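What follows is a single structure, written as structure tokens, with notes after it.
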Amino acid sequence: MNIDVDNWWLQIVYLTDTYKLFSSAIIVVLFLAAKRLILKLIKMRSKRKGEDRRHTINILEQLGNASLLILLMLLWGNEIQSLAISIAAFMVAIVLATREFIQCFMGFIYYLGAKPFRVGDWIQMNNIVGEVVEMDWAKTALLEVDHESFSYTGKHVYVPNSQLVTQTVKNLNFLRRYTLHSFSIINEPSVNPYSLLPTFIAKAKGHCEYFRDVAERYKGLIERHMEVEFIQIDPDIAVETNQFAKLKVTVSLFCPTAEAHALQQKISADWMDLWHSALQGQTLEKQASSQTVDNN
């Protein structure tokens with residue numbers, strides 16, 4: 001008898017495994033019929049006794065659906081496993097192929113959350129300075145700005161949004177109208193520069209006098225926003241030597257961005273005029289000294 005039962009069970013397992021689609025349909029029909037019958041009996045009993053069994057019926061119905069799903073997963077286990085492996089390999093291939101686009105999209109999501117800048121702002125990404133003119137989920141379009149002359153170069157730069165997460169982004173919008181401009185002048189150490197500084201400082205202040213009131217107001221706006229005082233209105237001039245023992249005069253200005261290059265040229269011209277005048281004075285003194293010695 002045990003042998004017949006075993007053979008009968010093996011035959012059922014074999015047929016079920018061979019004809020899985022047909023077996024699945026039979027399992028679903030039988031299981032749903034049994035579930036419906038059990039739930040109907042419970043409803044009839046609860047109605048007869050006047051009990052509220054809706055919670056129990058709902059739990060049994062959900063457990064029945066879960067059990068049916070587990071049975072079907074056991075029946076189709078090998079196929080599901082193969083399908084899962086195929087899907088996983090397919091998804092890995094898609095991720096590897098679209099990695100850059102995914103990173104760009106994540107950079108766009110970061111931008112929406114952090115909002116480090118907006119269209120119209122001046123920003124710096126790596127060594128690129130420009131005005132943001134357009135942004136979508138993949139890229140940020142910049143109108144390039146020359147960081148020395150602060151003028152538009154006419155070039156468009158397209159930066160992938162992935163760099164918003166991996167690279168440093170500087171918002172230069174508060175320095176768009178006024179900027180901290182610094183430049184250096186190199187001379188031979190043939191004249192004492194400190195004898196020229198009072199006149200040179202007065203000339204530099206004279207060039208900056210016409211925008212002083214506006215610069216004061218804009219300075220206050222920037223420092224209130226950043227909650228730190230770091231801007232000096234008057235030109236700052238430092239004298240030092242470089243690695244070649246040349247004289248280096250560094251001028252720092254808080255000036256209108258559009259006027260920075262012109263002011264640099266004017267102040268540089270003033271320094272060179274003073275420098276050459278001092279050199280000519282030294283030459284005339286030497287010549288006068290030589291004539292005096294010759295006369296004696």
Side-chain angles (χ1 to χ4, degrees), residues 114-125 127-135 140 142-155 157 168-187 191-240 242 247-278:
K115 294 182 178 179
F117 57 85
R118 61 182 180 179
V119 174
D121 286 356
W122 280 19
I123 65 171
Q124 179 177 350
M125 299 179 67
N127 295 323
I128 301 172
V129 177
E131 179 181 339
V132 181
V133 294
E134 184 183 359
M135 185 173 188
T140 300
L142 303 177
L143 184 59
E144 189 179 35
V145 175
D146 184 13
H147 64 278
E148 294 184 356
S149 62
F150 300 102
S151 59
Y152 294 104
T153 65
K155 301 176 182 178
V157 181
T168 301
V169 180
K170 297 181 181 180
N171 192 319
L172 307 179
N173 199 49
F174 273 94
L175 299 178
R176 180 175 178 177
R177 288 184 57 195
Y178 275 75
T179 184
L180 293 167
H181 183 52
S182 180
F183 62 93
S184 298
I185 307 171
I186 307 297
N187 294 106
V191 174
N192 180 13
Y194 293 98
S195 63
L196 309 178
L197 283 183
T199 305
F200 180 57
I201 292 173
K203 287 180 176 292
K205 286 183 178 180
H207 291 304
C208 302
E209 194 63 33
Y210 74 95
F211 59 81
R212 184 181 182 87
D213 292 338
V214 179
E216 287 279 3
R217 292 195 296 270
Y218 206 72
K219 167 184 179 296
L221 175 65
I222 295 175
E223 291 181 342
R224 282 195 303 271
H225 179 78
M226 296 186 175
E227 299 181 352
V228 60
E229 295 184 3
F230 65 100
I231 298 174
Q232 181 178 341
I233 296 296
D234 293 328
D236 180 66
I237 299 170
V239 178
E240 56 186 348
N242 61 13
L247 191 66
K248 179 180 178 182
V249 179
T250 303
V251 181
S252 300
L253 303 170
F254 182 68
C255 61
T257 302
E259 302 290 334
H261 183 68
L263 288 170
Q264 176 178 337
Q265 297 303 310
K266 292 177 182 179
I267 294 173
S268 298
D270 289 339
W271 175 258
M272 298 307 293
D273 286 341
L274 292 172
W275 186 265
H276 285 287
S277 296

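Every heavy atom of this structure was used, including side-chain atoms; hydrogens, water molecules and symmetry mates were not. Remember, predicted model here, so these are calculated numbers, not experimental data.
Shown here for Val191 and Ala278, the closest heavy-atom pair between the two residues is CG1-CB, 3.6 Å. Nearest approach of Pro193 to Val239, heavy atoms of both residues: CG-CG1, 3.8 Å.
A distance of 8.0 Å separates CG in Leu263 from NE2 in His181, rounded to the nearest 0.5 Å. Once rounded to the nearest 0.5 Å, the distance linking CZ of Phe117 with CG of Leu172 reads 11.5 Å. A distance of 14.0 Å separates NZ in Lys115 from CG in Asn171, rounded to the nearest 0.5 Å. Annotation: the span from Asp236 atom CG to Phe254 atom CZ amounts to 14.0 Å, rounded to 0.5 Å. Atoms CZ and CH2, on Arg177 and Trp122 in that order, are 12.0 Å from each other to the nearest 0.5 Å. Of the inter-residue distances, the one linking Ile123 atom CD1 with Thr168 atom OG1 reads 12.0 Å to the nearest 0.5 angstrom.
Annotation: side chain to side chain contact (heavy atoms under 4.5 Å, CB included) contacts of Ala258 (sequence neighbours excluded): none. The side-chain hydrogen bond (donor to acceptor under 3.5 Å, both in side chains) test applied to Asp234 returns Arg212, not counting sequence neighbours. Looking at residues two or more places apart in sequence or on another chain, you find no salt bridge (Lys or Arg N to Asp or Glu O under 4.0 Å) involving Asp146. Remark: Glu144 engages Thr153 in a side-chain hydrogen bond (donor to acceptor under 3.5 Å, both in side chains) (not counting sequence neighbours). Not counting sequence neighbours, Asn127 has no partner by the side chain to side chain contact (heavy atoms under 4.5 Å, CB included) test. Among residues two or more places apart in sequence or in another chain, the ring-ring contact (aromatic ring centres under 6.0 Å, His included) test is passed with Trp271 by Phe200, Trp275. Qualifying side-chain hydrogen bond (donor to acceptor under 3.5 Å, both in side chains) partners for Asp273, counting only residues two or more places apart in sequence or in other chains: none. In this structure, the side chain to side chain contact (heavy atoms under 4.5 Å, CB included) partners of Ala204, at least two apart in sequence or on a different chain, are Pro235, Ile267. With sequence neighbours excluded, the residues that form a side-chain hydrogen bond (donor to acceptor under 3.5 Å, both in side chains) with Ser184 are Thr250. Residues that satisfy the side chain to side chain contact (heavy atoms under 4.5 Å, CB included) test with Ala262, not counting sequence neighbours, are Glu259. Partners of Glu131 by salt bridge (Lys or Arg N to Asp or Glu O under 4.0 Å), not counting sequence neighbours, listed by chain and number: Arg176.
Annotation: Lys266, atom NZ; neighbour count of heavy atoms from other residues, nucleotides and ligands within 6.0 Å does not exceed 12.
Pairs engaging residues 191-209 under the side chain to side chain donor-acceptor pair (under 3.5 Å) rule: His207-Asp270 [sequence neighbours left out].
Val251 is not listed as a side-chain neighbour of Gln264, based on a closest heavy-atom distance of 4.5 Å or more.
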